[in-house]
Structures are given as C-alpha cells and as structure tokens.
Chemist: 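One structure, pasted below without further comment.
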Number of protein chains: 2
Amino acid sequence: MKAPRDIPSDLLESLRSLGLTKYEALVYIGLLRVAGATATEIHEISGVPRASVYPALDRLAQKELVSVSHTTPKRFDAIPPAQGIENLMRRIEMDAESALAALDVFYREKDVEYRGNQELVWTIYGEENIKARLSDMFQSAERSVEVLASWSLLQGNVLALLKPIPQSVQVDIITDSWRGERPSRFRVSVHPLGALYEAHAPPGRGLRYENSGVFLVDDAKALVWMGSAGEQPSALYSESSGLVQFVRRYLASVAEWVAAASP
Amino acid sequence: MKAPRDIPSDLLESLRSLGLTKYEALVYIGLLRVAGATATEIHEISGVPRASVYPALDRLAQKELVSVSHTTPKRFDAIPPAQGIENLMRRIEMDAESALAALDVFYREKDVEYRGNQELVWTIYGEENIKARLSDMFQSAERSVEVLASWSLLQGNVLALLKPIPQSVQVDIITDSWRGERPSRFRVSVHPLGALYEAHAPPGRGLRYENSGVFLVDDAKALVWMGSAGEQPSALYSESSGLVQFVRRYLASVAEWVAAASP
DNA sequence: ACCTTGTTGTTTTTTTAGCAACAACATTTA
DNA sequence: TAAATGTTGTTGCTAAAAAAACAACAAGGT
C-alpha cells in the first residue's frame with residue numbers, strides 16, 4: 001500500500017484554475033498512481049475521506065477524466081494526463097468563445113461619453129495590455145515617435161511594434177546598447193544610461209533600470225513602462241497635458257545630456 | 001443613467017470557469033458598457049454593492065482586465081473583451097502546462113498491478129476519450145476488426161481511426177448508408193438498420209439509433225458506443241469474455257440477418 | 001452643512017471539506 | 001449453516017472556507 005504522499009500545493013492551484021476542486025484533484029492524482037483502483041484504495045492513497053471519494057469520482061466522470069468499471073466493487077481508472085487536461089481545456093476554450101461572443105455584444109453598445117478622456121492618466125496592468133496600448137499609439141502616429149528604453153525592453157517587446165510606422169513619421173530612439181544591425185529607418189542613439197537612471201531612482205527601490213521605458217507620440221500621447229523585475233509590469237498612459245509635458249521635458253533633457261556626452 | 005440590465009447566467013458561468021467570481025464578472029461587463037466609469041457608476045450599472053466594487057476592481061486589475069486612472073475620483077476602464085479573454089486564457093494555459101508536467105511524473109510511476117484487468121467492463125465518458133480508446137483498439141488489431149455503426153458515427157468519428165489498420169487485418173463494416181466512394185480496403189455491407197435498432201430499443205428511451213455503434217477487435221476486445229442524442233456520449237469497453245461473447249454473437253446475428261435480407 | 005469616495009469591519013449565504021452512521025452485501029469463522 | 005465480521009456505496013449532518021451583501025465612517029470636495 002502507498003502513503004498519501006504530499007501533493008505540491010501549486011499543482012492543486014493549477015488544477016483548481018482548470019475547474020477542479022481540491023478533492024477532485026487529489027482523487028485524480030491518486031488514480032494516476034494506481035490504475036484501476038477501488039474507492040477505498042483511492043481513499044487510502046489520496047487521503048480524501050472515503051465518503052467524499054464517491055461524489056468526487058462522479059464529478060470527475062462528468063468531466064471526462066475517469067472511466068468506471070462495472071464490477072463490484074466498482075473500479076476506476078484515470079484518463080492519461082495529456083488527454084485529460086486536453087478534455088478540460090476544450091471545455092474552458094468553449095466557454096471562452098461563448099463568453100467572448102456575449103461580451104462583444106455589450107462592448108459594441110459602449111457609451112464613449114467623451115468625458116474629457118484626454119485629461120486622465122491611466123494605469124495599465126500586464127505586458128500584453130501595455131503592448132496593445134503601445135501598438136495603438138504607434139499606429140496613430142502622424143509626425144513623431146520618441147522612445148527612451150532599455151535595450152532588453154526594446155528588443156523583447158517594442159521593436160516589433162515600431163515596424164508598421166510609416167516613413168513619414170520621424171522615429172527617435174535612445175537606448176543603452178544595441179545588438180544586431182542598426183536600422184537606418186530610425187534615428188538611434190546609443191549611450192550607457194545606467195548613471196542616469198540611478199540618479200533618479202535609488203538602487204533597490206523605484207524604477208529598476210532593466211525593464212523600463214518612456215514613449216511619446218506626436219508630443220501628445222505618453223506612456224511610461226514600469227517593469228518591476230520579475231513581477232507583473234504596469235504602465236502609465238496619458239494624453240493629458242500634465243503627463244505629456246513632463247515626459248516631453250524629460251526626453252528633451254535626456255537627449256541633450258546624451259548629445260553632450262557623446263558628440 | 002442605465003439600468004442594471006440582466007446578465008444571462010450562462011455568461012456568468014462561462015466567466016466563472018475562466019476564473020472570475022460573479023462580482024468580478026458583473027463589474028467587468030458593466031465597465032464594458034460605460035468606458036471610464038467611477039466606482040459608483042459601476043455600482044449603479046452592474047448592481048454590485050458599492051463597497052464590493054472596489055475589491056472586485058482590484059482583482060480585475062491583477063488579472064489584467066481593467067486599467068485605472070489617477071484622478072479623483074478614480075476612473076476605470078475595461079480592456080476590450082478579445083484582449084481580456086486572451087489574457088485570462090494565457091494564464092489558464094500556463095496552469096495547464098505546468099499541471100500536465102507535474103501529473104506526468106505521477107503517471108509514469110503508475111502501478112500496473114495486473115488485476116485481471118481483462119475481466120472488467122469499463123464505462124468511458126466523453127467523445128474524445130472514447131475515440132482514444134477506439135484508436136488504441138484498432139492499433140492493436142492483429143487479425144480482425146468488426147464494426148457495426150450508424151453512418152453518422154462512422155463518418156464523423158470512426159473512419160479516420162480505421163485508416164492506420166494494416167492490410168493484414170480483415171476489416172468488416174456494417175452500416176445503414178454510405179456516402180462518398182466505397183473504399184475497397186474494407187468489406188462494407190450497407191443495409192437500412194432502422195428496424196433492427198428499433199426492435200431492441202423502444203423509441204424515446206434507450207439506444208438512439210443515430211449515434212451508436214459496436215466494435216470488436218480480434219474477437220477479444222469489444223466497445224459499445226452509446227450516443228444519447230445531444231448529451232455527452234459514453235461507451236462500454238471490455239476484454240472480458242462476458243461482454244466479448246455477447247458482442248460476438250450480436251454481430252454474428254446481425255451479419256446473418258443482413259446477408260439474408262440483401263443477398 | 002452636506003454629499004461622495006474610498007475603506008474597514010461584520011453578517012449572511014454558498015460552496016467545499018470533513019465526519020458519523022447505516023443498510024446491503026460479501027467474507028470469514030464457528 | 002448461522003453467526004460474526006468486514007467492506008461498499010449511501011445519506012445526512014457539521015465545520016471550514018470563500019463569496020456575497022450590508023453597515024458604518026473618516027477624508028475630502030462642493
């Protein structure tokens with residue numbers, strides 16, 4: 001017989017986000033280990049109270065994760081993980097699709113209600129959301145795009161978004177290093193910016209250098225990317241004169257400083 | 001101002017399976033409708049108690065579904081549904097991946113513990129699981145494969161699985177109709193089986209004709225596919241002599257009956 | 001002086017987890 | 001074979017956790 005071996009709690013968390021309860025997860029894991037077990041055996045190996053094993057198994061069967069034998073006592077078997085998780089994901093994806101369809105209906109009725117929208121400063125959470133907003137900004141550019149960003153951020157997230165910008169728009173980039181070929185399309189200025197950032201943010205706190213950047217489009221839309229190392233990144237976005245002014249001056253002064261340091 | 005319009009509960013269900021609570025879902029939907037609303041406005045449009053709007057918004061921000069403005073009062077905005085749902089799915093898919101990796105570790109340690117496994121009759125739930133099992137059966141075939149199934153089932157689910165069967169295996173198929181070219185690879189026998197099925201199952205109850213089938217491999221492995229129209233299909237599978245004998249006789253008698261009716 | 005926002009507790013409800021007891025049947029023991 | 005014992009599958013009930021709903025209030029704005 002086997003011990004009710006400890007299950008890493010982040011596995012239980014992952015399975016929960018796939019729609020399983022703790023007991024369902026434990027029972028399924030138990031079944032993966034024994035193959036064709038009875039309810040009592042599952043109880044022993046999983047640590048789930050025997051009486052709770054039955055309802056858990058019922059739900060697992062509904063979710064297409066276990067098969068049931070017609071013997072007495074009943075025996076149960078787990079669908080292999082790859083197939084099982086695929087079964088769960090299929091359901092979730094169907095939910096995602098129908099939810100998306102339904103949500104789009106609401107979204108289309110949206111009241112824009114021009115609330116002096118341009119006066120606001122927004123905080124945007126999550127890399128994808130920030131990239132989406134940046135992409136919108138760049139696509140709306142008519143005259144100028146100014147970028148001040150660490151190379152890692154540029155390389156990983158920004159450069160691809162800059163590509164669709166038309167020739168008629170002047171693109172200035174200031175960064176701390178550049179690997180690979182230097183595109184002639186952009187006006188690139190490379191300079192070690194470490195000192196600059198450290199002057200503004202005390203080490204350890206505040207903006208870490210690695211993944212931050214400042215973006216300005218047509219002197220009218222500004223975005224500040226703040227990547228707190230490891231954690232979820234966030235950004236400030238605004239079309240308000242306040243933040244835009246600040247960013248304009250900041251970029252100007254950095255550009256000046258860089259020009260002075262490397263003629 | 002807008003009424004706290006009714007939200008279809010299956011939308012809330014779908015969003016719940018994507019990891020949102022009822023309040024989170026209602027707040028998000030509310031935000032989709034107004035664009036840049038204050039907490040109080042969200043409260044009014046969504047029907048969520050005002051005090052509960054704030055924690056819900058916090059969690060939505062963590063989940064990358066809303067942005068926040070830095071005004072007083074704060075204003076909030078929803079990420080568009082397509083992007084938002086993609087953000088949710090990304091997390092879930094990551095969970096699925098890591099869960100799969102962890103589960104596979106357990107799965108590999110599996111005790112086979114030959115429990116006279118071939119004595120059991122298993123119930124398998126879900127189309128994908130049944131197809132996986134059928135595929136295994138067919139791939140293990142060494143001499144014969146016998147199929148009795150409605151055309152819709154054959155066409156939709158089974159035919160593809162029959163392809164990889166080697167030439168050396170004799171494949172017999174009985175079905176009620178056949179559209180498209182008749183493959184010479186298989187010994188196909190087409191006959192309207194309606195009468196047969198109705199004789200066995202009273203109309204309304206029991207096996208519906210449309211999506212059912214019987215499969216036998218090497219006279220040793222049998223699977224009975226039961227498709228209760230619309231609902232989740234299930235199947236019986238066995239290598240036990242009991243069910244196999246039954247299926248053998250059943251198939252034999254049907255084959256005989258068909259042969260007699262259409263010489 | 002009054003209203004609104006953002007926040008903090010507290011209560012109620014729902015869901016999940018855990019436990020106790022039992023009838024039906026199967027297995028052993030006398 | 002009959003009593004004793006054990007196991008399985010259920011049912012119902014209690015406890016804990018999570019979510020929902022409400023009450024109250026300080027801070028600031030009008």
Side-chain angles (χ1 to χ4, degrees), chain A residues 1 4 6-7 9 12-31 34 36-63 66 68-77 115-116 119-120 123, chain B residues 1 4 6-7 9 12-13 15-31 34 36-63 66 68-77 115-116 119-121 123:
Chain A
M1 193 155 305
D6 268 8
I7 306 298
S9 66
L12 296 181
E13 265 308 305
S14 295
L15 289 175
R16 157 132 76 219
S17 95
L18 298 180
L20 301 192
T21 67
K22 190 179 170 185
Y23 280 179
E24 288 165 6
L26 289 174
V27 165
Y28 181 63
I29 295 172
L31 262 181
V34 285
T38 67
T40 303
E41 289 168 340
I42 296 170
H43 151 67
E44 285 164 349
I45 202 179
S46 68
V48 173
R50 197 177 60 87
S52 303
V53 166
Y54 294 95
L57 281 167
D58 287 347
R59 294 186 305 249
L60 285 173
Q62 284 314 306
K63 289 174 178 156
V66 308
V68 185
S69 86
H70 283 176
T71 50
T72 51
K74 286 182 186 171
R75 290 187 174 275
F76 302 86
D77 204 356
R115 207 188 296 277
E119 292 308 318
L120 306 180
T123 303
Chain B
M1 194 155 304
D6 268 9
I7 306 299
S9 66
L12 296 180
E13 266 308 306
L15 288 175
R16 155 130 78 220
S17 96
L18 298 180
L20 300 193
T21 68
K22 192 177 171 188
Y23 279 0
E24 287 165 7
L26 289 174
V27 165
Y28 181 63
I29 295 171
L31 263 181
V34 284
T38 66
T40 303
E41 289 168 341
I42 297 171
H43 152 66
E44 284 164 349
I45 204 180
S46 68
V48 173
R50 198 178 57 88
S52 303
V53 166
Y54 294 95
L57 281 167
D58 287 346
R59 293 184 308 248
L60 285 173
Q62 285 312 306
K63 287 172 179 158
V66 308
V68 186
S69 85
H70 282 176
T71 51
T72 50
K74 287 182 186 171
R75 289 186 175 276
F76 302 87
D77 204 356
R115 210 187 294 279
E119 292 309 318
L120 307 180
V121 178
T123 302

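Computation of the quantities below employed the complete heavy-atom set of this structure, encompassing side-chain atoms and omitting hydrogens, waters and symmetry-equivalent molecules. Letters A, B, ... mirror the listed sequences (proteins, then strands); counts begin at 1. What you see is a predicted model, and the numbers here were worked out from it, not measured in a lab.
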Chemist: Using every non-hydrogen atom in the two residues, find where A/L60 and A/Y28 come nearest and quote the distance to one decimal.
Modeler: CD1-N, 3.9 Å

Chemist: B/S17 versus B/E13: any side-chain heavy-atom pair under 4.5 Å?
Modeler: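 With C-beta onward as the side chain, the pair stays apart.
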
Chemist: Taking any atom under 4.0 angstrom from a heavy atom of chain B, which nucleotides of DNA chain D are the first and last to qualify, 5' to 3'?
Modeler: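 First-to-last contact on DNA chain D, by the 4.0 Å heavy-atom rule, is D/dA20 to D/dA23.
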
Chemist: Using heavy atoms to find the nearest nucleotide of DNA chain C for B/P73 and A/R50 separately, return the residue whose nucleotide is more 5′.
Modeler: B/P73

Chemist: Sugar-phosphate atoms are those with a prime plus P, OP1 and OP2; base atoms are the rest. Using that split, label each nucleotide of nucleotides 11-18 of chain C B, S or - for protein heavy atoms under 4.0 Å, 5' to 3'.
Modeler: ------SB

Chemist: Per the end-axis method with five pairs at each terminus, what is the bend angle of the helix from C/dA1-D/dT30 to C/dA30-D/dT1, to 10°?
Modeler: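 One end's axis against the other's: 10°.
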
Chemist: Looking only at heavy atoms, which two atoms of A/L120 and B/S69 are closest? And how far apart?
Modeler: CB-CB, 4.2 Å

Chemist: Using a cut-off of 4.0 Å on non-hydrogen atoms, how would the nucleic acid contact of A/T40 be classed: base, sugar-phosphate, or nothing?
Modeler: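 It contacts sugar-phosphate atoms only.
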
Chemist: Using the salt bridge (Lys or Arg N to Asp or Glu O under 4.0 Å) rule, pick out the option among A/K74, A/R50, A/R75 that qualifies with A/E41.
Modeler: A/R75

Chemist: Kindly give the heavy-atom pair with the smallest separation between B/I45 and B/G30, and that separation in Å.
Modeler: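 Nearest heavy atoms, B/I45 then B/G30: CG2-CA, 3.8 Å.
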
Chemist: Compare all side-chain heavy atoms of A/L31 with those of A/L57 and state whether any distance is below 4.5 angstrom.
Modeler: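 In contact.
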
Chemist: Which heavy atom of A/L12 sits nearest to which heavy atom of A/A25, and what is that distance?
Modeler: CD2-CB, 3.7 Å

Chemist: Please state how far atom NZ in B/K74 lies from atom C1' in C/dT7, giving the value in whole angstrom units.
Modeler: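 Value for this atom pair: 11 Å.
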
Chemist: Could you report the tightest heavy-atom contact between B/P73 and B/T38, atom names first, then the distance?
Modeler: CG-CG2, 4.0 Å

Chemist: Give the minimum heavy-atom separation between A/L26 and A/S46, together with the two atoms involved.
Modeler: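 Here A/L26 and A/S46 meet closest at O-CB, 3.7 Å.
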
Chemist: So, does B/K63 use its side chain to make a donor-acceptor pair with the main chain of B/L20 at under 3.5 Å?
Modeler: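 Judged by distance alone, no pair lies under 3.5 Å.
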
